[in-house]
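Everything below concerns the one structure shown next.
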Amino acid sequence: MPILYLGLGANLGEREHNLAQGVRRLAAVEGVSVHRRSSLYQSAPVGPQQPDYLNAVLEVECELPPLELLVACKRIEKDLGRVAGPRWGPRPLDIDLLLGEEIVAEPGLQVPHLELHKRAFALMPLCELAPQAMHPLLHRTVRSLLNDLEDQGVRRVGEFFVDL
């Protein structure tokens, strides 16, 4: 099964609980197997003023086509209270497909994520799991991309414990 890396973020409600619920619900999706998770990281939001985010990255094996996985992720976000709002607005849970073994260029889904190489809140936890993973469009490792970023104030805040 193909390996994918998913980015999770939450900045509303009980952030760590929301992330853990997201992981549990992803693990319950048929065809998705959660293998590893990063530590938790805290970051300032991108966009309008709002609370800080907690972020993590999951390594999953997935039998689903990428668009089906995206639909499952959006359903989980909605089930946990996400509502339509402004771009980059606050949310109880956000799940992004960051990086995989294949390039996906579909309306509404780009893998690797179009902003991955610019975002320390995604690259730091991803680098914890897969520092040598290669960005297939930039032909650079995750560690190399992270090393080139200016300090964005992202910091590790602890382990991410989830009972599956």
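Every heavy atom of this structure was used, including side-chain atoms; hydrogens, water molecules and symmetry mates were not.
Looking only at side-chain heavy atoms (C-beta outward), Leu64 and Val29 come within less than 4.5 Å of each other. Side-chain contact between Phe121 and Val46 is present, with heavy atoms from C-beta onward closer than 4.5 Å. Taking 4.5 Å as the limit, every side-chain heavy atom of Leu93 sits out of range of all side-chain heavy atoms of Gln21. Two residues are said to be in side-chain contact when any heavy atoms from C-beta on lie closer than 4.5 Å; Glu102 and Val111 fail this criterion. Residues Arg119 and His113 have side chains in contact (heavy-atom distance under 4.5 Å, counting atoms from C-beta outward). Side chains of Asp52 and Ser43 form no contact here, defined as non-hydrogen atoms less than 4.5 Å apart. In this structure, Leu137 and His117 have side chains that are not in contact, with every pair of non-hydrogen atoms separated by 4.5 Å or more. Inter-residue side-chain proximity for Leu97 and Val104 is flagged as unmet; no heavy-atom pair is nearer than 4.5 Å.
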Quiz item: Which is it for Val154 and Asn55 under the side-chain contact (heavy atoms from CB on, under 4.5 Å) test, yes or no, and what are the steps along the way?
Solution: CA-CA 9 Å; Val154 178; Asn55 303 284; 5.6 Å; no

Practice problem: Evaluate the criterion side-chain contact (heavy atoms from CB on, under 4.5 Å) for residue pair Cys73 and Leu26; output intermediate values, then yes/no. | Solution: CA-CA 7 Å; Cys73 291; Leu26 280 164; 3.9 Å; yes

Self-check item: side-chain contact (heavy atoms from CB on, under 4.5 Å) evaluation trace for Val162 with Val34
Solution: CA-CA 11 Å; Val162 182; Val34 176; over 6 Å; no

Exercise. Show the numbers, then the answer: is there a side-chain contact (heavy atoms from CB on, under 4.5 Å) between Arg25 and Leu80?
Key: CA-CA 10 Å; Arg25 289 173 187 239; Leu80 292 175; 3.8 Å; yes

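Between the NZ atom of Lys118 and the CG atom of Leu123 there is a distance of 12.0 Å, given to the nearest 0.5 Å. The CG atom of Leu19 sits 11.0 Å away from the CZ atom of Arg24 when rounded to the nearest 0.5 Å. Taking CG from Asp94 and CG from Leu6, the interatomic distance works out to 11.0 Å, rounded to the nearest 0.5 Å. Between Ile95 atom CD1 and Glu77 atom CD the span is 5.0 Å, to the nearest 0.5 Å. One distance of note links CD of Gln110 with CG of Leu116; it measures 13.0 Å at 0.5 Å rounding. Rounding to the nearest 0.5 angstrom, the gap separating the CG atom in Leu129 from the CZ atom in Arg37 is 10.0 Å.
Heavy-atom minimum distance, Cys62 versus Leu69: SG-CD2, 4.0 Å. Here the shortest heavy-atom pairing between Pro92 and Ala10 reads O-CB, 3.0 Å. Across every non-hydrogen atom of Glu159 and Ser39, the tightest pair is OE2-OG, 3.9 Å. Nearest approach of Leu146 to Cys127, heavy atoms of both residues: CD2-CB, 3.9 Å. Pro48 and Gln50 get closest at one heavy-atom pair: O-NE2, 3.0 Å. The two atoms that bring Gly7 and Val57 nearest to each other are CA-CG2, 4.3 Å, heavy atoms only.
No continuous path of hydrophobic side-chain contacts links Met134 to Leu145 [ILVMFWY only; heavy atoms under 4.5 Å]. The hydrophobic cluster containing Leu109 also contains Ile76, counting ILVMFWY residues as joined when their side-chain heavy atoms lie under 4.5 angstrom apart, directly or transitively. Under a hydrophobic-cluster definition in which Ile, Leu, Val, Met, Phe, Trp and Tyr are linked whenever side-chain heavy atoms come within less than 4.5 Å, directly or via other members, Leu138 and Leu149 are assigned to the same cluster.
With a 6.0 Å radius and a threshold of 12 heavy atoms from other residues, nucleotides or ligands, Lys74 has its NZ atom above the threshold. Around atom CD of Glu101, more than 12 heavy atoms belonging to other residues, nucleotides or ligands sit under 6.0 Å away.
Exactly one residue among Asn18, Val157, Leu8 makes a side chain to side chain contact (heavy atoms under 4.5 Å, CB included) with Leu54. That residue is Val157.
Between the side chain of Glu128 and the backbone N or O of Ser38 there is no donor-acceptor pair closer than 3.5 Å. The backbone N or O of Glu61 lies less than 3.5 Å from no partner atom in the side chain of Ser33, so there is not a single donor-acceptor pair. Formation of a donor-acceptor pair under 3.5 Å by the Glu106 side chain with backbone atoms of Leu67 is not found in this model. Remark: the backbone N or O of Pro51 is paired with a side-chain donor or acceptor of Asn11 at under 3.5 angstrom.
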